[in-house]
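This report refers to the structure that appears directly beneath it.
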Amino acid sequence: MNLPALHHQLYQRIRTAIETGTLEPGERLPSVRALAKEMGVARGTVDQAWALLTGEGYLLARGAAGTVVNPNLQLHSTTRAAPTPLPAQGAQFPDTLWRPGTLMPFQMGVPALDVFPRKLWARLGARYVRGMGIEALDYPPPHGLPGLRAAIAAYLQVARGLSCEAGQVFITSGWRHSLALVAHALLQQGDAAWVESPGYPPTRQLLREAGFTPVPVAVDEHGLNVEQGVAQAAHARLAVVTPANQSPLSVSLALPRRQALLAWASQAGSWVLEDDYDGEFRYCSRPLPALASLDTQGRVLYSGTFSKVLFPGLRVAYLMVPASEVERFERVSRCFFAGAVPAMVQAQVQTFMAEGHFARHIARMRKLYAQRRTATAEALAQGLGTGQRAAPAPGGMHLLLELAPHLDDRRIAQQLLEQGMAVQPLSAWYAGVPAAPGLLIGFTHCSDPADAVRLGQAIRRLTGY
Ligand SMILES: Cc1ncc(COP(=O)(O)O)c(C=O)c1O
């Protein structure tokens with residue numbers, strides 16, 4: 001087969017990139033020398049392609065300022081890649097957790113990024129980079145930096161009442177990684193696993209995609225209905241629960257239910273995975289001890305994340321496994337996930353913890369979130385103007401506004417999204433038929449109550465209250 005000449009191939013590639021919007025008008029291209037070097041071609045080849053593209057008006061040479069995509073280029077609208085569309089009107093919220101591509105007001109689970117100590121974070125990062133020896137360039141240890149694993153074990157002891165060794169803590173890149181690690185290590189294809197309903201959609205989706213059978217178990221004001229779980233699937237190998245702030249109802253798992261869950265797990269020889277994604281945030285009392293702190297039989301695995309207490313772009317989380325299971329998890333972790341989190345990121349979190357910033361940051365955020373929770377709930381009620389309120393839950397990072405049973409929360413959430421407000425429809429969190437419609441409204445990064453007034457007004461218009 002005769003390939004087009006090299007310069008023509010390059011010309012085609014750049015032209016397609018411009019026409020599809022990958023390269024945007026005004027965007028600067030690499031220098032001829034750099035591109036030739038990167039592609040392993042002669043400079044003359046790039047020159048030839050550049051000459052064609054400039055001649056056709058795609059590129060503009062700006063002397064010392066380099067070559068850019070012509071800022072005045074009028075592209076045929078059909079050839080340009082359309083921006084990623086928002087879900088169409090009436091579209092269903094998918095079963096997976098949906099996130100807009102950009103930060104939007106009221107998005108669930110987004111911490112107060114506006115007050116994160118970015119300067120301090122940058123300083124710690126710069127200090128780490130300056131001090132990097134060659135060993136820091138090597139692969140990171142497969143299950144996480146020993147110092148970070150030790151810092152987390154100490155933190156869990158103090159903050160969550162958990163007694164564990166550093167070797168029981170596995171550093172992961174987030175909840176999906178922790179859950180996949182548990183599933184690989186402890187489950188076999190087809191095994192049943194209890195999941196909460198309503199519950200975090202990615203949990204049941206991951207389990208289903210990985211060949212397991214999620215069994216939805218109802219949640220009421222006392223948390224997961226353990227009795228119902230036993231009646232439906234006593235043989236399940238795993239129960240995934242959010243005991244501190246049930247996701248998304250924000251109730252905490254009552255003590256008798258905790259005891260019943262642990263009793264079931266030890267009788268059935270099954271496992272409980274505690275997803276403690278935001279247990280640090282409780283506003284009416286001290287944070288509750290973790291479910292794992294009650295476990296005397298080694299049946300509970302505990303999953304924590306830095307996504308909520310620091311920031312989600314970090315992608316650092318952890319899984320604490322019972323001492324009896326450490327070897328099995330080491331094997332699976334080494335095989336599938338070894339060294340998934342960059343050493344530099346881990347080291348930065350470790351220093352942040354060791355120097356006391358972490359504890360201070362959590363204390364500050366707890367106070368700030370208590371204020372934002374009240375301010376958002378009040379402003380929302382003001383905007384609604386109907387006497388209707390989103391009851392502030394004792395913990396968590398969002399409010400739940402219950403809607404009248406005849407209302408379609410997915411459609412309302414969709415319409416709010418089109419107005420730039422990213423609330424979630426409660427019904428999308430149910431595995432089967434939703435019990436009630438509602439809107440889930442993140443308050444932790446809501447710094448201006450006026451936004452919540454506008455949200456309340458928009459909800460009132462859309463619901464006809
Ligand atoms: C219920 C639940 N579990 C876990 C997580 C944490 O996920 P990750 O660690 O991947 O950020 C979240 C984040 O939104 C969550 O809502």
> Q419 and Q415: side-chain donor and acceptor closer than 3.5 Å?
Replying inline: no
>> Parallel, tilted or perpendicular, judged at 30° and 60°: which one describes the rings of W264 and W194?
In response: parallel
> Hey, does the Lys NZ or Arg CZ of R149 hover above the aromatic six-ring of F170, less than 6.0 Å from the centre and inside 45° of the axis?
Replying inline: yes
> Is there a side-chain contact between F106 and C446 (heavy atoms, below 4.5 Å)?
Replying inline: yes
> Between V217 and N225, what is the shortest heavy-atom contact and its length?
Replying inline: CG1-O, 3.2 Å
> What do you reckon, is CD of E402 surrounded by more than 12 foreign heavy atoms closer than 6.0 Å?
Replying inline: no
> Ignoring hydrogens and geometry, is there a side-chain-to-backbone donor-acceptor pair from Q424 to L440 under 3.5 Å?
Replying inline: no
>> Checking R315 against S307: is there a side-chain donor and acceptor pair closer than 3.5 Å?
In response: yes
>> Between R372 and D451, is the salt bridge (charged side-chain N to carboxylate O under 4.0 Å, His left out) condition met? List the steps.
In response: CA-CA 12 Å; R372 287 189 174 180; D451 288 342; over 6 Å; no
>> Let's go through E355 and R127 carefully: what are the C-alpha distance in whole Å and the side-chain angles of both, what is the deciding distance for salt bridge (charged side-chain N to carboxylate O under 4.0 Å, His left out) to 0.1 Å, and is it a yes or a no?
In response: CA-CA 13 Å; E355 296 187 357; R127 199 206 298 164; 2.9 Å; yes
>> Assess, by modelled atom type and distance only, whether the side chains of R282 and S285 contain a donor and an acceptor separated by less than 3.5 Å.
In response: yes
>> Taking atom CD as the centre, does Q157 end up with more than 12 heavy-atom neighbours from other residues, nucleotides or ligands that are less than 6.0 angstrom away?
In response: yes
> Does a sphere of radius 6.0 Å around CZ in R360 hold more than 12 heavy atoms from other residues, nucleotides or ligands, not counting ones at 6.0 Å or beyond?
Replying inline: yes
> Side chains of D275 and T242: do they bring a donor and an acceptor to under 3.5 Å?
Replying inline: no
>> Aromatic contact between F337 and H143, with the criterion being ring centroids under 6.0 Å apart: yes or no?
In response: no
> Should the pair H184 and F336 be assigned to parallel (<30°), tilted (30 to 60°) or perpendicular (>60°) ring geometry?
Replying inline: parallel
>> For Q246, run the side chain to side chain contact (heavy atoms under 4.5 Å, CB included) check against P243, P248, S250 and tell me which one passes.
In response: P248
> Is any side-chain heavy atom of I459 closer than 4.5 Å to a side-chain heavy atom of V423?
Replying inline: no
> Hey, does R258 have a side-chain heavy atom less than 4.5 Å from the side chain of L288?
Replying inline: yes
>> Set out, in order, the CA-CA distance, both residues' side-chain angles and the distance that settles salt bridge (charged side-chain N to carboxylate O under 4.0 Å, His left out) for D276 and K308, then state yes or no.
In response: CA-CA 10 Å; D276 196 23; K308 314 297 167 186; over 6 Å; no
>> For a ring-ring contact (aromatic ring centres under 6.0 Å, His included) check, start with the C-alpha distance between Y283 and Y369, then their side-chain angles and the critical distance, and finish with the verdict.
In response: CA-CA 8 Å; Y283 312 110; Y369 293 170; 7.1 Å; no
>> Are more than 12 heavy atoms, taken from residues, nucleotides or ligands other than E327, located less than 6.0 Å from that residue's CD atom?
In response: no
> So, F306 versus Y318, ring centres under 6.0 angstrom or not?
Replying inline: yes
> Is the number of heavy atoms from other residues, nucleotides or ligands within 6.0 Å of CD (E227) greater than 12?
Replying inline: no
> Are any non-hydrogen side-chain atoms of L291 and V272 less than 4.5 angstrom apart?
Replying inline: yes
>> Can you confirm whether L314 sits close enough to W121 that some side-chain heavy atom of one is under 4.5 Å from a side-chain heavy atom of the other?
In response: yes
>> Contact between L113 and P312 at the side-chain level, heavy atoms closer than 4.5 Å - yes or no?
In response: yes
>> Donor-acceptor check, side chain of R204 to backbone of Y430, threshold 3.5 angstrom: yes or no?
In response: yes
> Do S247 and E196 get their side chains close enough for a donor-acceptor pair, meaning under 3.5 Å?
Replying inline: no
> Less than 6.0 Å separating the ring centroids of Y277 and W175?
Replying inline: no
